[in-house]
Amino acid sequence: MCGEKFTIRKKFYKRKEADSFERNAQEQYDLCPTCYREQKTQEKHEEKAAEPIIATVRISKTEEILPITIYLSGGTYPVKEQLKEQGYKWNCDDYVWIKSIQRENVKAEILSLKAIKETIAYNRMYQEAYEKWLNAHKKENCDKK
């Protein structure tokens with residue numbers, strides 16, 4: 001609370017409504033608009049900080065070198081510097097952190113995320129689908145030779 005004096009302006013057509021609003025406003029409006037905005041922003045950041053990281057693992061049907069992509073959403077703001085250090089890139093279009101990795105590194109990557117902050121992992125990559133993809137790419141590569 002900064003102690004700054006502020007005025008709330010509202011147009012009324014009846015004196016009774018204006019008096020009622022004034023009585024209620026004196027009880028309800030104890031923060032200036034700037035302090036109120038800062039308080040709400042702080043509450044929003046605290047709420048986001050309490051959320052876990054949501055990791056979604058997807059397989060690419062076209063990418064061969066790094067076929068697995070991890071998308072991170074949820075409460076990532078408090079740990080964004082650590083995510084940058086681990087090689088994640090911010091995607092401003094989808095509001096997610098993205099990293100492409102090899103299939104063998106998925107478990108280690110999820111474990112490293114859990115070491116940073118509580119993480120919920122959603123696996124959209126099924127072993128059966130991955131095997132089909134792998135076999136199809138092996139056949140294509142054999143045909144090219």
Side-chain angles (χ1 to χ4, degrees), residues 1-12 17-18 20-145:
M1 289 220 240
C2 63
E4 180 183 329
K5 292 187 179 186
F6 60 95
T7 305
I8 299 172
R9 295 180 188 257
K10 191 166 182 176
K11 191 172 187 177
F12 292 97
E17 291 175 358
S20 174
F21 178 80
E22 188 174 345
R23 278 193 306 275
N24 291 335
Q26 288 175 352
E27 296 171 5
Q28 293 178 358
Y29 295 101
D30 56 350
L31 292 174
C32 72
T34 306
C35 293
Y36 179 77
R37 193 176 315 110
E38 289 174 2
Q39 180 185 14
K40 288 297 180 185
T41 303
Q42 181 66 26
E43 288 173 3
K44 186 178 177 183
H45 283 304
E46 288 172 0
E47 186 179 299
K48 277 286 193 187
E51 288 182 15
I53 294 175
I54 300 170
T56 305
V57 181
R58 294 185 186 159
I59 184 170
S60 170
K61 294 181 180 179
T62 58
E63 183 65 39
E64 294 183 28
I65 299 170
L66 298 170
I68 307 299
T69 305
I70 298 179
Y71 297 86
L72 301 180
S73 60
T76 57
Y77 185 78
V79 294
K80 71 177 187 176
E81 294 303 322
Q82 293 167 314
L83 295 175
K84 287 179 188 177
E85 290 171 5
Q86 287 194 359
Y88 284 89
K89 302 290 182 201
W90 177 249
N91 182 333
C92 59
D93 294 333
D94 298 328
Y95 294 104
V96 293
W97 292 89
I98 296 177
K99 183 177 182 181
S100 296
I101 58 174
Q102 288 288 331
R103 180 179 178 271
E104 298 80 30
N105 302 335
V106 172
K107 287 183 182 177
E109 191 67 33
I110 297 297
L111 289 175
S112 70
L113 288 172
K114 287 184 177 185
I116 294 173
K117 189 176 177 188
E118 179 186 357
T119 304
I120 299 172
Y122 291 106
N123 186 357
R124 293 195 179 169
M125 174 192 68
Y126 300 100
Q127 183 68 29
E128 186 176 301
Y130 180 76
E131 296 300 330
K132 286 180 185 177
W133 174 86
L134 192 60
N135 290 335
H137 279 74
K138 283 182 182 176
K139 288 177 187 176
E140 286 176 12
N141 290 339
C142 292
D143 293 342
K144 289 179 184 177
K145 292 179 183 179

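What you see below is based on every heavy atom in this structure, not just the backbone, and it leaves out hydrogens, waters and symmetry mates.
Evaluation of the side-chain contact (heavy atoms from CB on, under 4.5 Å) rule for Thr119 yields Ile53, Ala55, Leu113, Lys114 as partners, not counting sequence neighbours. Taking Glu46 as the reference, Gln42 meet the side-chain hydrogen bond (donor to acceptor under 3.5 Å, both in side chains) condition, with sequence neighbours excluded. Take Glu17 and apply the side-chain contact (heavy atoms from CB on, under 4.5 Å) test, not counting sequence neighbours, and it matches Phe12, Lys14. Scored by the ring-ring contact (aromatic ring centres under 6.0 Å, His included) test, Tyr36 finds no partners at all (sequence neighbours excluded).
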Side chains of residues 78-91: which donor-acceptor pairs under 3.5 Å do they make with residues two or more places apart or in other chains?
unit_1, atom_1, unit_2, atom_2, d
Tyr88, OH, Glu109, OE2, 2.9
Asn91, OD1, Asp93, N, 2.9
Asn91, OD1, Asp94, N, 3.2
Asn91, ND2, Asp94, OD2, 3.4

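Considering CH2 of Trp97 and CD1 of Ile70, their distance stands at 14.5 Å, rounded to 0.5 Å. How far CD1 of Ile68 is from CD of Gln102: 8.5 Å, rounded to the nearest 0.5 Å. Between Ile120 atom CD1 and Ser73 atom OG the span is 9.5 Å, to the nearest 0.5 Å. To the nearest 0.5 Å, the span separating CZ on Arg37 from CG on Leu31 amounts to 12.0 Å.
Sorted by first and then second residue, the pairs that involve residues 43-83 and meet ring pair (Phe, Tyr, Trp, His ring centres under 6.0 Å), not counting sequence neighbours, are His45-Tyr77.
Around CZ of Phe21, the count of heavy atoms belonging to other residues, nucleotides or ligands within 6.0 Å exceeds 12.
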Would you check, one step at a time, whether the test salt bridge (Lys or Arg N to Asp or Glu O under 4.0 Å) holds for Glu43 with Lys40?
CA-CA 5 Å; Glu43 288 173 3; Lys40 288 297 180 185; 3.5 Å; yes
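Side-chain contact check for Val96 versus Thr56: every heavy-atom pair is 4.5 Å or farther apart.
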